[in-house]
A.B. asks: 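Before I ask anything, here is the structure I am working with.
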Amino acid sequence: MVEVASLFSLCIKSISAQIINGCDGAEELFELPSHFLDGFLDGLLMELPPLALQKLHELHDNFNTAWKILYKKRWPMAIEKMRHTNSIIPDGDVAISRPVDDFVDWRLQDLEKMETGSNIMQDALAMSRSGDGCVDWQQLYWEAHLQSCLDEAAERALLPTSDGHIGGVKISDEIMNYIGHSGNTTQDCLSYHCINFGHYARCLRLQNVLCVAEVCELLTSSKLRVLAFRRIKSKFHVDGVCRLLNQNKESLVSLEFIYCQLSPASWNHICNSVYVGGSEIHWIRHLCINSSFIFESKSSSFPGGLSSFLSSGRSLESLRFCDTQMGPKCAKIIFNTLIESSCGLVTLEISDDEIAGWLSKVDRSPVGFSLSLPPQISLKSLRVLNLRGNNLCKDDAEDLSNALNQMPDLRNMDISDNPIEDDGIRSLIPYFIKAFVKACPISDIKIENCNLSGVAVAELLRSLPTTREPLNSLSIAKNELGSSISAAIMEFLGTSRVRKLNIADIGLGALGFQELENGMQEKVEVAYINISMNRGGIRAAHFISQLISHAPNLVIVNAEANIMPAESLAIIHNALKQSKGKLQHLDLRENYSLCLSKYTAAILEFKFHGEPIVKIPLFPCFGVPYDDDP
Ligand SMILES: *[C@@H]1O[C@H](CO)[C@@H](O)[C@H](O)[C@H]1NC(C)=O
Ligand SMILES: *[C@@H]1O[C@H](CO)[C@@H](O)[C@H](O)[C@H]1NC(C)=O
Ligand SMILES: *[C@@H]1O[C@H](CO)[C@@H](O)[C@H](O)[C@H]1NC(C)=O
Ligand SMILES: *[C@@H]1O[C@H](CO)[C@@H](O)[C@H](O)[C@H]1NC(C)=O
Ligand SMILES: CC(=O)N[C@H]1CO[C@H](CO)[C@@H](O)[C@@H]1O
């Protein structure tokens, strides 16, 4: 067997070398009878290194599957993580009814997003889809390869031994081996990869050292659509950024700045570089500024360039400022600029900043906001508003309830991590009542960690009217609501038919779970529920078991850290045995006594797509022999 394998790999090696260094061998290949060729190609393609496949691709058309396999082979971490967290649905959209293959690709995007802390990979996948929704894996492969080369070059360019000539930076053997390098020394420096694969790149992430004239020249064949810049601080690098923006301004749709420090003058320069056709018009759809210093903290000075960029942004769909040291005055200018420009903004995020007072009517700037604004002046198209972590207090909540009237289409609102307290949430109740019954009702609400009490949240839940469509998601996690909230929660499950509910860490306790059970209705619509960190003990197990039998569409239950005793597993095992539901994931980790139960093995036999549905802690009982007495 070993000899056969090595003979096969020798053949592959020789065929690859022939293909890479001239195409004679490959042309002969295509003269073989087609049924034979197809079988042969299937075997061969899986083994060929990328450089050889690239040459073949130029002769024969569809190798998309082979490119996809190469992609997954080279970046397996994403796949591994994907398998690991396969059934955990993050806070975003629930993928409940997606077909598996689609689901896998979707997870891939999601994981990449988590890994890079940015949207760039998600953008990359979106950009690479053609009209029929298919991913062009060849394009993605070379784009990701170029990204690896650029990242490596950026690292090496920072070493003291670097001579400043970045195109000449050597690419490591590790990367060269991935693509089937044949030992040809003209191919192992950055410039070769930029020149040959640059035209595949649509989305790139660039460290400051790459934002220089030399790299701009190497990338002239690229039509970049998404650019993410890291650590841009000096004027020298701003010049490089501007040149790259200018050379791609016709194709650019998304811009991201992370860990940057940009002066108002730099902003003017940057914004001027994306204007097309001599006028102040740009085609940027997404702008994200993250963990960057761009505002003079607390002062009213606002980069003029950014202001005209916002007001001339006819294509602008999403605007995200996260941890930019923005103060209330700048936030107010942004809000006023947006409300007056006729852009079709869909998403606005200002998070982890300090903008308390930004909507206050006292100290109004020249174009202040007030209720008497004519109705046509509004953020008509805004659907997503994220104001997380801005230290907003109850007065801000009151001002916000007025401002929200200017956002008739809002669907998704996150005001978590702001100490708005009971008075704050009470002043938002009238807004929510209206927002629930309008033509396009609000569908996703997050009010986590807002220092709310059970009394105020019960008032909110009980005042919300029934909507035509079920509510998609509500999170009231991390507020100390106590056990008395349970009755209101169960009533709310009935009236809102909410699909995703997060009530983690709200201090339910055993009594709270008992009350949840008492309020259980015949049929519950919920698909996802997070009840973790509520110290429910055995009552949490009883609640889960009841929920499994009353919620036919239940897909995911997160019940970590509930001090559940060993007997809990018997109760849950029994519920699962009788269930005909769709449960895919039940997380019981962080409850260490559970692994003492005799039901651990039995409960792991319930599976979804080959993976156990129930996640139980293995530590500290890992390795302890299993007692299989009935
Ligand atoms: C900003 O960066 C942080 C850390 O990388 C990340 O968690 C967050 O999602 C980013 N925010 C945006 C709006 O991209
Ligand atoms: C090395 O690669 C370059 C560029 O692809 C090519 O022009 C040259 O002929 C190759 N040399 C050898 C010895 O294969
Ligand atoms: C939470 O609210 C209470 C009273 O409403 C207040 O005394 C307390 O300081 C607040 N805690 C925080 C962290 O804001
Ligand atoms: C459940 O909620 C807790 C608290 O908000 C959070 O830490 C945890 O990540 C959530 N779990 C899932 C799977 O969303
Ligand atoms: C994190 C957590 O809640 N762990 C608990 C799991 O259950 C055991 C006993 O039931 C507790 O001692 C742990 O604190």
Side-chain angles (χ1 to χ4, degrees), residues 16 45-54 56-57 63-88 90 92 95 98 100-130 133-156 169 171-181 187-188 190 192-194 196-207 210 222 224-228 230 254 256 258 611:
S16 308
L45 289 181
M46 302 308 128
E47 302 295 328
L48 279 183
L51 265 185
L53 187 61
Q54 175 67 11
L56 272 184
H57 204 129
F63 291 141
N64 210 26
T65 310
W67 284 112
K68 181 172 175 177
I69 289 167
L70 283 171
Y71 186 96
K72 297 194 170 183
K73 204 153 124 192
R74 178 156 172 197
W75 291 283
M77 278 308 284
I79 307 295
E80 206 31 61
K81 270 195 179 170
M82 176 171 63
R83 215 169 275 135
H84 185 66
T85 50
N86 197 10
S87 43
I88 301 175
R98 276 168 197 265
V100 180
D101 217 32
D102 200 318
F103 183 66
V104 167
D105 282 349
W106 174 78
R107 288 297 311 168
L108 184 68
Q109 295 174 40
D110 207 68
L111 286 157
E112 295 285 359
K113 190 171 159 189
M114 283 174 5
E115 258 175 31
T116 58
S118 88
N119 303 328
I120 191 157
M121 274 310 295
Q122 202 177 20
D123 288 336
L125 268 136
M127 301 284 156
S128 149
R129 281 177 206 277
S130 53
C134 287
V135 171
D136 179 351
W137 286 97
Q138 181 196 26
Q139 183 264 321
L140 271 190
Y141 185 92
W142 291 118
E143 179 177 82
H145 166 76
L146 184 59
Q147 184 69 63
S148 305
C149 294
L150 288 166
D151 289 345
E152 196 176 84
E155 242 169 66
R156 290 184 182 206
V169 171
I171 300 303
S172 66
D173 288 347
E174 196 197 344
I175 289 187
M176 293 309 293
N177 287 339
Y178 272 125
I179 62 167
H181 177 47
Q187 298 173 346
D188 66 0
L190 180 65
Y192 170 85
H193 299 264
C194 291
N196 284 275
F197 308 118
H199 64 281
Y200 288 107
R202 292 175 200 166
C203 309
L204 289 179
R205 187 176 61 237
L206 300 173
Q207 292 285 342
L210 295 164
S222 311
L224 295 168
R225 307 195 65 196
V226 179
L227 273 170
R230 300 278 164 101
S254 180
E256 192 173 299
I258 308 171
E611 286 273 320

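Both backbone and side-chain heavy atoms feed into the values below; hydrogens, waters and symmetry mates do not. Residue numbers count from 1 along this sequence.
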A.B. asks: Atom CG of D173 and atom CG of D188: how far apart are they, to the nearest 0.5 Å?
C.D. replies: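 Answer for the CG-CG pair, D173 versus D188, is 8.0 Å.
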
A.B. asks: Measuring from N196:CG to I179:CD1, what's the distance to the nearest 0.5 Å?
C.D. replies: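 Answer for the CG-CD1 pair, N196 versus I179, is 9.0 Å.
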
A.B. asks: Please round to the nearest 0.5 Å and tell me the distance separating atom CZ of R205 and atom CD of Q147.
C.D. replies: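 Between R205 CZ and Q147 CD, I get 4.0 Å after rounding to 0.5 Å.
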
A.B. asks: Minimum heavy-atom separation for L210 and L150, please, with both atom names.
C.D. replies: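 Smallest heavy-atom distance, with atoms named: CD1-O, 3.6 Å.
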
A.B. asks: Do R74 and P50 have side chains that get closer than 4.5 Å, going by heavy atoms?
C.D. replies: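 The answer is no; the side chains never approach within 4.5 Å.
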
A.B. asks: Just verifying a value: how many Å separate D136 CG and W142 CH2, rounded to the nearest 0.5 Å?
C.D. replies: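 The CG atom of D136 sits 13.0 Å away from the CH2 atom of W142.
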
A.B. asks: Roughly how far, to the nearest 0.5 Å, is the CZ atom of R202 from the CD atom of E143?
C.D. replies: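 The distance works out to 7.5 Å.
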
A.B. asks: Which residues satisfy the side-chain hydrogen bond (donor to acceptor under 3.5 Å, both in side chains) test with E152, sequence neighbours excluded?
C.D. replies: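 With neighbours one apart ignored, the set is S172.
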
A.B. asks: Work out which heavy atom in Y71 is nearest to a heavy atom in L140; give both atom names and the distance.
C.D. replies: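 Smallest heavy-atom distance, with atoms named: CE1-O, 3.8 Å.
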
A.B. asks: Under 6.0 Å between the ring centres of W75 and Y141?
C.D. replies: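 Yes, close enough.
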
A.B. asks: Show your working on side-chain contact (heavy atoms from CB on, under 4.5 Å) between E155 and V169 and close with a plain yes or no.
C.D. replies: CA-CA 10 Å; E155 242 169 66; V169 171; over 6 Å; no

A.B. asks: Sequence neighbours excluded, which residues qualify as side-chain hydrogen bond (donor to acceptor under 3.5 Å, both in side chains) partners of H193?
C.D. replies: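 Testing H193 for side-chain hydrogen bond (donor to acceptor under 3.5 Å, both in side chains), a comparison that skips the adjacent residues, returns H145.
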
A.B. asks: How far apart are the closest heavy atoms of A201 and S222, and which atoms are they?
C.D. replies: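 Between these two residues, the closest heavy atoms are O-CB, 4.2 Å.
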
A.B. asks: Quick one: pull up CD1 in I171 and CG in L190 and give me the separation to the nearest 0.5 Å.
C.D. replies: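 Answer for the CD1-CG pair, I171 versus L190, is 5.0 Å.
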
A.B. asks: For P49 versus G180, what's the shortest heavy-atom pair and its separation?
C.D. replies: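 Heavy atoms only, the tightest pair is CB-CA, 3.4 Å.
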
